[in-house]
> 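Pasting in a structure now, in structure tokens, and then I'll have a few things to ask.
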Amino acid sequence: MNTEALKELLYKIADDQLILGHRNSEWTGFGPLLEEDIAFSSMAQDKVGQSWQFYKILNELGESDPDTVAFMRNADQFHNCQFVELPNGEYDFSLIRHFLFDTAELIRFTMLADSTYEPISQLAKKIRGEVKYHTMHANIWIKQLGSATPESIQRLQDSLNQAMPYALGIFEPSPFEDDLISSGTFVGEKALESEWKKQIKEIIDQTELDLPDMDSLTPAFGGRSGNHTEHLQPLLDEMSEVFRVDPTADW
Amino acid sequence: MYGGGNVFEAMKATALAEEDPQKLAEFEARIDRGEKIEPKDWMPQLYRKQLIRMIEQHAHSEIIGALPEGTWITRAPGFKRKLALMAKVQDEVGHAQLLYSAAETLGKSREQMIDDLITGKSKYSNIFNYPAFTWADSCFISWLVDAGAIVNQVANSKGSYGPYCRALERICAEESFHLKYGHHCVIHLATGTKKQREMMQAAVNRWWAPMMHFFGPSDKISVHSEILMRWKVKMASNDECRQQFLDMYVPKIWELGLTVPDENLKKNQETGQWEFTEPDWEEFKRVINGDGPCNKERLAVRRTAEERGRWVREALLAPKAKYVTPLA
């Protein structure tokens, strides 16, 4: 197995989970109702916890320890898609992102459960069970708010339109796509994307929302190779503010 | 987290005159026997009113209390701390949810309670009107403010109102994990690098006065609450809670090489009571009446969250889909 390809795959998954987990945690204390506050906080814990597990696999492959990797890199060293680093915005945007991203995640981990690389497949089997609940949560809310009041429908539609180019950026192909596919490590971004399109359509069709014409959109690529929006570095600065006071200290 | 102490307003001597004397006697006999009062049981209006007030203020304290610590979730140093703090603050919001439900059993809706919070009609624990400047402040809160809350809540969990007691039992179990987490964080700072030790000592210095205020005014000057003690609404006096807290935690603070910023603080071996400089109760009153360092900010955040979330709550009242079977 090509270790570089493996690391690239692991980094992008771990960074996605960490950054979106961090964003989700920003809802703590600010949710539109207590139950949603609590739900976003749960998903944040799952995602940050999942990223930690992936960084541990990377550590076994020779990368630095998880805390150093997560708290000491700068934005251009992160491989997350741009979608997860965007600010939370209003609840409608956070919900749409949660729906679009977690649907892709569930498919990704379901696919990775069959990976020939044992540590990934073991972990994916466990995470798949957690993310299943995230997508159930997202689907209920999309169906509810996507068919409720004129305001809720309009808000979700606007956020869906705004989010879609970034959501397509999740599937930015890796330079090692062929290696990963031929080694049976991962079936590849194309297969993931096509299944994702099918699944989000199924849910959106049950609402009064319209799915934007995805073929006419330019996906927001770049994140996987360290090109990020202006939002990532401030997030990382905040995240590492205490850790960097003394990176060698035991906190 | 909630320290109580400030919740009870003066009661009129005539408050019970309108109650049916026989029902009142039966009610009091039940409480004397240690029975729990349940939502559908008969209860004096005064009991209902004071309980709503107390549980509501406790619930508000949980959601407002999530704010000073919540700001540190996104800054927590390292995976272990980040995950633990997220879970901890989430618990606090969960406590609010439990407590609002308990208060709703007495006839006031959650919406009404939250409205009363953001209009300033209803209070919350005074300590959250102080800012958490550093990571060490958040560690102080997790350990010692939670410890203080446990002292108060364990006492109240043995009270007479069933739904509140059951909520408190669960809350105390969770708080005990918060306390372990907070203690762990403080140990690491207090025994860490010079910078970490300084951060921790500065936090203790900043938070000691609010911590002494946490349990409410001294029994000598606080509102008379005999009847609430008899009805097992209030289970321990402010001074009793404060003494218990000092007894349990001052030695632990000293053990870590930290100092407490009160040179008069010592345990009188003869009386078994802690002696300390009388807290500034004028400051306490000023802060609880709205003039503390963060009162405006805390309420503004809560108000903004409510306003930004209004469309979501409205949309929930207009369901197109009906769920008749469990989803999982």
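So you know, we letter chains A, B, ... as the sequences are listed, proteins then strands, and number each from 1.
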> With heavy-atom distances below 4.5 Å as the criterion, would you say the side chains of Val242(A) and Trp72(B) are in contact?
yes

> Measuring heavy-atom distances to chain B, does Asp250(A) have an atom under 4.5 Å in its side chain, in its backbone, in both, or in neither?
both

> For Arg244(A), I'd like to know if atom CZ has over 12 heavy atoms of other residues, nucleotides or ligands within 6.0 Å.
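Yes.
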
> Checking Leu236(A) against chain B: side chain, backbone, both or neither under 4.5 Å from a heavy atom?
neither

> Once the angle between the rings of Trp52(A) and Phe79(B) is folded into 0 to 90°, is it parallel (under 30°), tilted (30 to 60°) or perpendicular (over 60°)?
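Ring orientation, 0 to 90° scale: parallel.
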
> Can you measure from CD (Glu111(B)) to CG (Leu33(A)) and round to the nearest 0.5 angstrom?
9.5 Å

> Taking all heavy atoms of Gly29(A) and all of Arg302(B), pick out the closest pair and write down the distance.
O-NH1, 3.0 Å

> Is it the side chain or the backbone of Tyr55(A) that comes within 4.5 Å of chain B heavy atoms, both, or neither?
side chain

> Step by step, work out the side chain to side chain contact (heavy atoms under 4.5 Å, CB included) result for Trp135(B) and Val245(A).
CA-CA 11 Å; Trp135(B) 169 248; Val245(A) 167; over 6 Å; no

> Side chain, backbone, both or neither: which part of Ser42(A) has a non-hydrogen atom closer than 4.5 Å to chain B?
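It is both, since atoms from each part get that close.
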
> How long is the span from the CG atom in Leu85(B) to the OG atom in Ser25(A), to the nearest 0.5 Å?
9.0 Å

> Any heavy-atom pair between the side chains of Val48(A) and Met86(B) that's under 4.5 Å?
yes

> Side chain, backbone, both or neither: which part of Gln97(B) has a heavy atom under 4.5 Å from chain A?
both

> Using non-hydrogen atoms only, which part of Arg155(A) is less than 4.5 Å away from chain B: side chain, backbone, both, or neither?
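Side chain of Arg155(A) only, per the 4.5 Å heavy-atom cut-off to chain B.
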
> Could you report the tightest heavy-atom contact between Ala318(B) and Thr149(A), atom names first, then the distance?
CB-CG2, 4.2 Å

> Can you check whether Pro32(A)'s main-chain N or O pairs, donor with acceptor, with Arg313(B)'s side chain at less than 3.5 Å?
yes

> If every non-hydrogen atom of Leu145(A) is compared with every non-hydrogen atom of Ala315(B), which pair is closest and at what distance?
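Looks like CD2-CB, 3.3 Å.
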
> OG1/Thr71(B) to CD/Glu238(A) distance, rounded to the nearest 0.5 angstrom?
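Thr71(B) atom OG1 to Glu238(A) atom CD measures 9.0 Å (nearest 0.5 Å).
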
> With a 4.5 angstrom heavy-atom cut-off, could you sort out which part of Leu235(A) is near chain B: side chain, backbone, both or neither?
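Nothing of Leu235(A), per the 4.5 Å heavy-atom cut-off to chain B.
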
> For atom NZ of Lys80(B), is the number of surrounding heavy atoms from other residues, nucleotides or ligands below 6.0 Å larger than 12?
no

> Give the C-alpha distance, both sets of side-chain angles, the deciding distance and a yes or no for side chain to side chain contact (heavy atoms under 4.5 Å, CB included) between Phe40(A) and Gln90(B).
CA-CA 9 Å; Phe40(A) 267 83; Gln90(B) 181 193 33; over 6 Å; no

> To the nearest 0.5 Å, how far apart are CD in Glu62(B) and CG in Leu34(A)?
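CG of Leu34(A) is found 11.0 Å from CD of Glu62(B).
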
> Between Ala87(B), Cys139(B), Ala76(B), who has the most heavy-atom pairs with chain A when the cutoff is under 4.5 Å?
Ala87(B)

> Where on Asp92(A) is there a heavy atom nearer than 4.5 Å to chain B: the side chain, the backbone, both, or neither?
both

> When rounded to the nearest 0.5 angstrom, what is the spacing between CD1 in Ile38(A) and NE2 in His95(B)?
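Going from CD1 on Ile38(A) over to NE2 on His95(B), the span is 9.5 Å.
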
> In terms of heavy-atom pairs under 4.5 Å, which option from Glu307(B), Lys195(B), Arg310(B), Arg81(B) contacts chain A the most?
Arg81(B)

> With only heavy atoms counted, which part of Phe71(A) is less than 4.5 Å from chain B, the side chain, the backbone, both or neither?
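Just its side chain gets close to chain B.
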
> Search all heavy atoms of Asp67(A) against all heavy atoms of Gly78(B) and return the closest pair with its distance.
OD1-CA, 3.4 Å

> For residues Trp251(A) and His188(B), determine if any side-chain heavy atom of one lies less than 4.5 Å from a side-chain heavy atom of the other.
no

> Side chain, backbone, both or neither: which part of Thr74(B) has a non-hydrogen atom closer than 4.5 Å to chain A?
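Both parts, backbone and side chain.
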
> For Arg75(B), is it the side chain, the backbone, both, or neither that has a heavy atom closer than 4.5 Å to a heavy atom of chain A?
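Its backbone and side chain both get close to chain A.
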
> Please state whether the side chain, the backbone, both or neither of Ser152(A) comes within less than 4.5 Å of a heavy atom of chain B.
both

> Using non-hydrogen atoms and a 4.5 Å limit, figure out which bit of Arg110(B) sits close to chain A: side chain, backbone, both or neither.
side chain

> Return the OG to NZ distance between Ser51(A) and Lys82(B), rounded to the nearest 0.5 Å.
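One finds 9.0 Å between OG of Ser51(A) and NZ of Lys82(B).
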
> Could you pull out the closest heavy-atom pair between Gly49(A) and Leu83(B), with the gap in Å?
N-CD2, 3.7 Å

> Contact part of Leu316(B) toward chain A, heavy-atom cut-off under 4.5 Å: side chain, backbone, both or neither?
both

> Check step by step if side chain to side chain contact (heavy atoms under 4.5 Å, CB included) holds for Glu306(B) and Phe30(A).
CA-CA 8 Å; Glu306(B) 289 302 311; Phe30(A) 301 93; over 6 Å; no

> Is a side-chain donor or acceptor of Arg308(B) paired with a backbone partner of Glu90(A) at a separation under 3.5 angstrom?
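It does not hold such a pair.
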
> Please determine, among Gln206(A), Glu35(A), Gln45(A), Lys132(A), the option with the most heavy-atom pairs under 4.5 Å with chain B.
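Of the options given, most contacts go to Gln45(A).
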
